[in-house]
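This report concerns only the one structure given below.
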Amino acid sequence: MKIATWNVNSLTVRLPQVLDWLAAQAAAGAPVDVLALQELKLSDDKFPAAALEQAGYSAVWLGQKTYNGVALLARQPAAEVQRNLPGFADEQARLIAATYHTGGTDAQPLRVVGAYFPNGQALGSDKFAYKLRWLEALRTWLEAELARHPRLLLLGDFNITFDDADVWDPVGLHESIHCSSVERAHLQALLALGLHDAHRLFEQPPKSYTWWDYRQLGFQKNRGLRIDHILLSSALKASARACQIDRAPRKNPQPSDHAPLWVQLG
DNA sequence: ATGACGGAAGTTTTCCGA
């Protein structure tokens, strides 16, 4: 099982790259089973379900015009689809969860939670307060969700770094947005529910990032942040075989500012 | 200097992202 996440920064613009990337993974002998997408930036009626179906992926999605929007693509049909956080009134499309019955050696179904965490803009702003409220609502819901679904992944664009190893300039960005101790405490609170950072289960190259600023040659200078994550429940941790960030799509013409990352479960 | 770059809405500029 290969499960991936990618903030595409407009699925309208990036659909050809998503299809190319999925085809390239399959051609390399390791097809993607589930792909979580964030920042679709399109309304539900504009979602390219037919093109994805043609590529062998059934999708569920929660769209929004201009901003946000999330989807799950999979080679199996989705069950028990949940859109946004129950009990948390939210005008922004940020979360979608589904259950996949993978068959084969995976006897138990897999619960996949794809999320686009709020950015937060700046500490002390209204958007930061919203980010903290959203994080608390997520933690509360996830606690119950984990009890119902022991084999669970939470993946997507978290907009939070774990620590300074995830930051290209820890001094310059000290206690700034995505790097603050307040945000990091919320991320640790998710781990405390019994989740594990898939990336850190394996040896990784130094300065591994998933996002680079479009400006000032950020990618070329590897001035980035690791803010996209895949968290595995304890029941899945032992089955993890590899976890990688794929920088190749960031080198495309008209790239997303984020790179995809994936985990292989044995 | 709160910029740059890119996407979207929609119109010559603004909002937002991270």
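Predicted model only: the values in this text are computed from it and were never measured. The analysis underlying the following values was restricted to heavy atoms, covering all of them including side chains, and did not include hydrogens, waters or symmetry mates. Every chain is numbered from 1, with letters handed out A, B, ... down the list of sequences.
- Of the possible donor and acceptor atoms, none in the side chain of A:S10 sits under 3.5 Å from a partner among the backbone N and O of A:K41.
- Taking atom CH2 on A:W211 and atom C1' on B:dG6, their separation rounds to 12 Å, with Å as the unit.
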Under-3.5 Å N/O pairs linking protein and nucleotides 11-16 of chain B:
residue : atom : partner : partner atom : Å
B:dC16  : O5'  : A:K127  : NZ           : 3.4

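- Distance noted for atom P between B:dT14 and B:dA4: 12 Å (whole Å).
- With both ends at atom C1', the span from B:dG3 to B:dA9 equals 22 Å, rounded to whole Å.
- Distance, A:Q38 CD to B:dA18 C1': 14 Å, rounded to whole Å.
- Contact annotation for A:N7: backbone-only contact, meaning every heavy-atom pair under 4.0 Å involves sugar-phosphate atoms and none involves a base.
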For A:K127 and A:N119: C-alpha separation, side-chain torsions, deciding distance, then whether side-chain contact (heavy atoms from CB on, under 4.5 Å) applies. CA-CA 8 Å; A:K127 286 173 182 159; A:N119 176 305; over 6 Å; no
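- Using atom C1' as the reference point in both B:dA1 and B:dT11, the two lie 27 Å apart (nearest Å).
- Among B:dG7, B:dC5, B:dA18, the nucleotide with an atom closest to any side-chain atom of A:E39 is B:dA18.
- For the pair A:Q216 CD and B:dA18 P, the computed distance is 18 Å after rounding to whole Å.
- Note on A:D157: only backbone sugar-phosphate atoms sit closer than 4.0 angstrom, heavy atoms only; bases stay farther off.
- For A:R226 and A:D163, the salt-bridge test fails: no basic side-chain N is under 4.0 Å from an acidic carboxylate O.
- Separating the CH2 atom in A:W211 from the CG atom in A:N7 is a distance of 11.0 Å, to the nearest 0.5 Å.
- Across the C1' atoms, B:dT2 and B:dA18 are found 14 Å apart, a figure rounded to whole Å.
- Rounded to whole Å, atom C1' of B:dG6 lies 15 Å from atom CG of A:N252.
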Take A:D33 and A:R75 through the test salt bridge (charged side-chain N to carboxylate O under 4.0 Å, His left out) and record every step on the way to the result. CA-CA 6 Å; A:D33 293 286; A:R75 302 202 292 165; 3.0 Å; yes
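- Residue A:I160 contributes atom CD1, which lies 15 Å from atom P of B:dG17 at whole-angstrom precision.
- One C1' atom belongs to B:dT12, the other to B:dA8, and the distance between them is 15 Å to the nearest Å.
- Here A:L225 lies in heavy-atom contact (under 4.0 Å) with sugar-phosphate atoms only.
- You'll find that the side chain of A:N159 is closest to B:dA18, out of B:dG17, B:dA18, B:dA9.
- Using modelled atom types, one finds a donor on one side chain and an acceptor on the other under 3.5 Å when comparing A:N222 with A:W212.
- Contact annotation for A:R14: backbone-only contact, meaning every heavy-atom pair under 4.0 Å involves sugar-phosphate atoms and none involves a base.
- A gap of 14 Å separates the P atoms of B:dG10 and B:dC15, to the nearest Å.
- Nucleotide B:dG17 holds its C1' atom 11 Å from the NZ atom of A:K131, rounded to whole Å.
- Between A:S10 and B:dG6 there is no side-chain polar atom (N or O) within less than 4.0 angstrom of OP1 or OP2.
- Below 30°, between 30° and 60°, or above 60°: for A:F158 and A:H229 the angle between ring planes is above 60°, a perpendicular geometry.
- Following rounding to the nearest Å, A:H178 (NE2) and B:dG17 (P) show an atom-to-atom distance of 9 Å.
- Taking only side-chain nitrogens and oxygens, A:H258 comes nearer than 4.0 Å to OP1 or OP2 of B:dA18.
- In this structure, the nucleotide among B:dC5, B:dA18, B:dA8 sitting nearest to the side chain of A:R215 is B:dC5.
- Rounding to whole angstrom units, CG of residue A:D126 and P of B:dG17 are separated by 12 Å.
- For A:Y116 and A:K65, each mapped to the nucleotide of DNA chain B holding its nearest heavy atom, the one lying further toward the 5' end belongs to A:K65.
- Relative ring orientation between A:W61 and A:F47 is described as parallel, the plane-to-plane angle staying below 30° on a 0-90° scale split at 30° and 60°.
- Shown here are the salt bridge (Lys or Arg N to Asp or Glu O under 4.0 Å) partners of A:E183, two or more places apart in sequence or in another chain: A:K131.
- When each of A:L11 and A:N119 is assigned the nucleotide of DNA chain B bearing its nearest heavy atom, the one mapping closer to the 5' terminus is A:L11.
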